There are 2 protein chains.
Amino acid sequence: MPANLINHIKKFIELTEADAELIQSAVTVKLVKKKAFLLQPDQICRETYFVSKGCLRLYFINKKLNEQITQFAIENWWMTDYSSLESGKPSTYYIQAVENCEVVVINKTRLDELFKQVPALERYFRIVQQRAFTAAQKRIEYIYSFSDEERYRHFSSLFPDFIQRIPQYMLASYLGFTPQFMSKIRAKKV
Amino acid sequence: MPANLINHIKKFIELTEADAELIQSAVTVKLVKKKAFLLQPDQICRETYFVSKGCLRLYFINKKLNEQITQFAIENWWMTDYSSLESGKPSTYYIQAVENCEVVVINKTRLDELFKQVPALERYFRIVQQRAFTAAQKRIEYIYSFSDEERYRHFSSLFPDFIQRIPQYMLASYLGFTPQFMSKIRAKKV
DNA sequence: CCAAAAAATGAATCAAGATTAAGAAATTAA
DNA sequence: TTAATTTCTTAATCTTGATTCATTTTTTGG
């Protein structure tokens, strides 16, 4: 029972009992062990994931052969590689569980059918996409407004509980600097 | 007649003649002179803009009192400040015409009504938002993968015609570095 | 067509954060 | 409960791109 997902959808649109059942029949719930992968490079991404419990990360390997994290998804966030999902081309990303997770999985083809059966879902995903876009824009704004150190302090004060959940080197990667630099600014804090 | 907009929508969803007329009655077309503003800080953003001709930029003034451009919109792109639009709070951004523009304007309240009259529009905007989000993610990926010089060269080779349309200092701002640094890497090119 | 404003260039110095290379501390698994 | 792996820290040196300030070139408006 993807209770979280149904509740999340109901925050944005009205669902009849029948709608909710159609949605339930279209999704599966998957338990994902810490460090397990939902997507790896060269695979074609055919699913989208809703985190009902735990934390996922999306990353790729950059030129310098380091992991570069571009997104995290915690409870009630969606995650997928939209470019592979839409183009049908192989992904260049990893989606990996940072913690043991419970994830609601929807296959893209099945989701497209679902849009026909429950048209109000188009509205739900429109709103969710708009929020995701707004958050991404905000992030770009922060990248260009503040130094790495400022962004670290800002992020820490904004999400003190989240930074407890992930290794520091992952936060460094997400914020775009090295673990060494992270240590340096944390040491200063004293 | 916002012909471009109707055509753009028709690329993603089917519209009846009646739908198209409803849309037409909901929007206005505005000619915007180069350097004129569609939005300024402290105003509440109540509209969303579709560029049918010309180029808009979205920017803010950062801590160092420099303009920081976060988005451009050329033909067939939407632009607005979603965070002000959705929250009803004053904006912190400028939206300004980089060239003389023709812009299709939709009032947010009117758009919400329009979604009820033409529900298929939810689908159109879902797809548009998803693309916008994917593009923003791609941009974050580039920021973290490449040096400023590499990003400049990559952007130039990808959009050679676009960089002819805008002053260099605007591209420098969009890419997140100074006009002086831009001159430096352009000089090297010889 | 010319004055004024806007945009681009150049060079010297400076600073934020990367790199490299250890080593220490904390987790994990057998 | 200890060995192995993962994560975090420290410090020296190096690089990219910012800052400052001056000059030149281009565009715009009257």
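Note that the structure is a prediction, hence the values are computed from the model and not measured. Labels below follow one simple rule: chain letters A, B, ... track the order of the sequence lines, proteins then strands, and each chain is numbered from 1.
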Listed nucleotide nearest any side-chain atom of Phe181(A), set dT10(D), dA18(C), dT9(C): dA18(C)
Gap between atoms CD and P, on Gln180(A) and dT10(D) respectively (whole Å): 12 Å
Sugar-phosphate only, base, or nothing, as touched by Thr178(B) at under 4.0 Å among non-hydrogen atoms: base
Residue Phe177(A), side-chain atoms from C-beta onward, closest of dA8(C), dA18(C), dA18(D): dA18(C)
Protein-nucleotide distance (Lys33(B), atom NZ; dG29(D), atom C1'), rounded to Å: 13 Å
Value in whole Å for how far the C1' atom of dG17(C) lies from NZ of Lys184(A): 6 Å
Between Phe37(B) and Tyr94(B), ring centroids under 6.0 Å: yes
Tyr144(A) OH to dA18(D) P, straight-line distance once rounded to whole Å: 11 Å
Atom pair distance, as rounded to whole Å: CG in Asn66(B) and C1' in dT20(D): 13 Å
Distance in angstrom units between Gln68(A) CD and dA18(C) C1', rounded: 14 Å
Quiz item: cation-pi between Arg131(A) and Phe133(B), 6.0 Å / 45°: no
Distance, rounded to the nearest Å, where Ile143(B) contributes CD1 and dG17(D) contributes P: 13 Å
Side-chain N,O (Arg186(B)) to OP1/OP2 (dT9(C)) below 4.0 Å: yes
5'-most by nearest nucleotide on DNA chain D - Glu150(B) or Pro179(A): Pro179(A)
Check: Tyr59(A) ring centre within less than 6.0 Å of Tyr174(A) ring centre: no
Value in whole Å for how far the P atom of dC8(D) lies from CD of Gln164(A): 12 Å
Phosphate contact (dT28(D) OP1 or OP2) by Lys34(B) side-chain N/O below 4.0 Å: yes
Ring center gap for Phe72(A) and Trp77(A) short of 6.0 angstrom: no
Sub-6.0 Å ring centroid separation between Phe115(A) and Phe125(A): yes
Phosphate OP1/OP2 of dT9(C) contacted by Gln168(B) side-chain N/O (<4.0 Å): yes
Nearest-neighbour nucleotide for the Tyr169(A) side chain, dG17(C), dC8(D), dT16(D) considered: dC8(D)
Pairwise 5' ranking along DNA chain C for Phe146(A) and Met182(B), keeping only the more 5' one: Met182(B)
